[in-house]
Amino acid sequence: MTSSPAPADRAAALRARIEDANRRYHQLDAPDIADAEYDALVRELEALEAAHPELASADSPTQRVGAAPAGRFPPVVHAVPMLSLGNAFGDEEVVDFARRIRERLDRDELVFSAEPKLDGLAISLRYEDGAFVQGATRGDGATGEDVTANLRTISGIPQALRDGGWPKVLEVRGEVYMARADFERWNENARLHGGKVLANPRNGAAGSLRQIDPKLTAQRPLSFFAYGVGQAEAGALPATHSATLARLREWGFPVSELATVVRGVDGLLDYYRRIGEARDGLPFDIDGVVYKLDDYAGQREMGFVSRAPRWALAHKFPAQEQTTVVESIEVNVGRTGAVTPWALMQPVQVGGVTVTRATLHNADHVARLDVRNGDTVIVRRAGDVIPEVVQVVADRRPPDARPWSMPAACPVCGSELVREEGAAAWRCSGELSCPAQLKETLFHFASRRAMDIEGMGEKFVDLMVETGVVASPADIYALSRDDLLLVRLVLDAAPEDVEAQVRTHLAAGQEAAAAVAAAFAPQALQAPDWDRHVIRALRQGRAAFAWNEKKIATRAADNLIEAIDRSRDTTLARFLYALGIQHVGESTAKTLALWFGDLELIRRLPWPLFKRVPDIGGEVARALGHFLDQPGNQQAIDRLLERGVRIGGAHAPDPRLGEALDLATLLVDLEIPKVTPVRAAQVGAAFADAQALLDAPVHNLVTAGLPSETAAALVAWLEDAAHAGLLLSGAQAQARLRGLLPQRAARAAGPLDGKTVVLTGTLSAMGREEAKERLEALGAKAAGSVSKKTSLVVAGEAAGSKLAKAEELGVEVWDEARLLAFLHEHE
Ligand code: IVH
């Protein structure tokens, strides 16, 4: 038989749990349950004590405020105790609160000060003769901690009062908090550089204030709002709380703009609703609003009950943090290939919204929190920020929960997920083949410095991808004129006239007419993605429609078809850049093209070989390797070539590559632990080739002169089959490359070797970019501005200041005709 525990046992259990939570929250700044759960425990205990008065006791946490100071700072006895507030979670409790005051004071209408309830840390600031002399935390309400030095670092807290007219002794009460933007910025930085990540702004504020070293506090972005007065001696305060807030403002304290005066219960509930609506957009966290009877005479008459005033009430909002259970940890792939882990959770209400997903930011964050499947976690949703998991409730972990690790493959395209050394982010290496990255890939692919397809802007790419017209870069080269016309037509028309446009331009058969009718239903056109809807519907009905050739404006679509066609003939450098390989920008692409000369060579090259090129280091080489290792990327390249992309100007690799195609160099380029160039040279001298090294018994390495530690590191490295494979394929690639090298210098000395050329003005026969490429191919170095070092200026039509400068410096100047003649002669 099961039965609920005896009330006395339950009360004892609740008290123990609440005491523990208090200690963690107030002394350790490391709460382990969400606020909402804490509130529920306190309410249950209050109800139990009310129903069983014999269980009530003066030392129950329901009768006390917070927790006694932890002893880290000198104690401060508050001249006027710092009390807590009664909580209301529903309207009825607010109605009761107002009724109690009305009845006791025998008034018809009540005036309240209504204020946001900031979620930070309560402090008391003591001013004597207008000078800030001491600041303290709330502690247990009677005694707090002296954190004066830390409070002096907060710019919002005046060191001296302004204006005059203040009481000789004045204690100002208020909240130290961290603004959301400051909190986000702090955490972003901490996640990037491995600093302390704060669970929420309130913990951030509390933890910062309780630093022993004020310099640490000074680094944290803290703010302050004043909301009341404690002791006030030798000097009068106004008669109402709202007037006091106004005085506090005049004396130099920040007071929330949201504090206002309202009348009656309606005024209170209306304020609650208004602030609730504004909540997500506020720059700081609030957990409710506070109502205070405005006149001090009434407040005095109402008095206190145990730990809270009867004249004030905190009306809580739905909690911004809740506890729930992680069902699984998934990863999401962004537009740029960045991989973000997130938690799928049991549905929970957070800040008034049902939440089932929360971000885990990055793999380091998951490791730091040690979140696992099945864990109970605290989720936070505040403002416009996406919900995040901020903490694991350690003692509720299922016994079989295993640590999480990043999956090996992209959940979208199956390519390998890779992480760069030292970086927090993981990336999908399926740059060309990952649907998650498709829009970004296409947009980059078509851009001016890549394949240069004019007319494929971002909006156009978005539409084509979302309507399924294009699913990979190669699809661009199979685009039908129909599809282009359709996308362009819809893109260029407004929703109210797209139907008329389509009817004008389409000679629709029956099937297409039905598609048109469906696509142009009023509700369909009101949807935010109406254009996608229309395109999809019309494509489905396409079999039966034909473009009305006489009326349709085909120019834009024809231009695009032409631009796509033109882009087919390209250079290796442009093509490599267009692939969007991580870390391969325009200049790296040019270097690769210059040194290797041929796509087929490059796309089969193991990554260590890329390091043979000056300026290409391990990071770029590995990125190239990851990209080329993905079958999806290789297929995408195949398809581009099949669809007619032609890469001109293939040439033999640069002979300088031949300078270091040996085993020793390969071992260094493989970045094997402990294998320095000196050690690699010893191994290179001792073994005929890579296979001999793989076959050698360990002691041969030592005989070759390697210290035993290095030998052990090399053997351990080679034991990994993938490493051994890479060594062999590296050696084979070296041999292949050797065979491709020209016997003599690859290129006869260029006629423009060592010359610096500046292009200016407009050329008629070619673009400036093309001219630049052709001159570079003849050995020239292109520069952007004219100086004494310039060897030659090519001036087209309407050349301006650069031409003038060249003439002034006496630099040789060519016109377009001279350039064309020169190119004709030397190319
Ligand atoms: S008045 C006697 N006003 O809420 C009344 N408190 O449980 C004392 N708080 O930690 C508090 N905003 O720091 C008051 N506008 C406001 C407040 C506010 C936040 C905090 C306060 C304390 C808790 C009261």
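First listed ligand is number 1; within each ligand, the first listed atom is number 1. Along the sequence shown, residues carry numbers from 1.
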Is there a donor-acceptor pair under 3.5 Å between the side chain of Asn187 and the backbone N or O of Glu184?
no
Applying side-chain hydrogen bond (donor to acceptor under 3.5 Å, both in side chains), run through Arg220 and Ser208 and close with a yes or a no.
CA-CA 7 Å; Arg220 307 265 180 108; Ser208 308; 3.0 Å; yes
Do the side-chain N and O atoms of Arg380 and Gln322 include a donor-acceptor pair separated by under 3.5 angstrom?
no
Any side-chain donor-acceptor pair under 3.5 Å between Gln299 and Glu301?
no
Given a heavy-atom cut-off of 4.0 Å, could you list the residues near ligand 1 in chain and number order?
Leu83, Ser84, Leu85, Glu115, Pro116, Lys117, Leu118, Ala122, Arg138, Glu175, Tyr227, Val290, Lys292, Pro309
Is the ring pair His315/Tyr272 parallel, tilted or perpendicular, if the boundaries are 30 and 60 degrees?
parallel
Are Phe183 and Tyr177 an aromatic pair by the rule of ring centers under 6.0 Å?
no
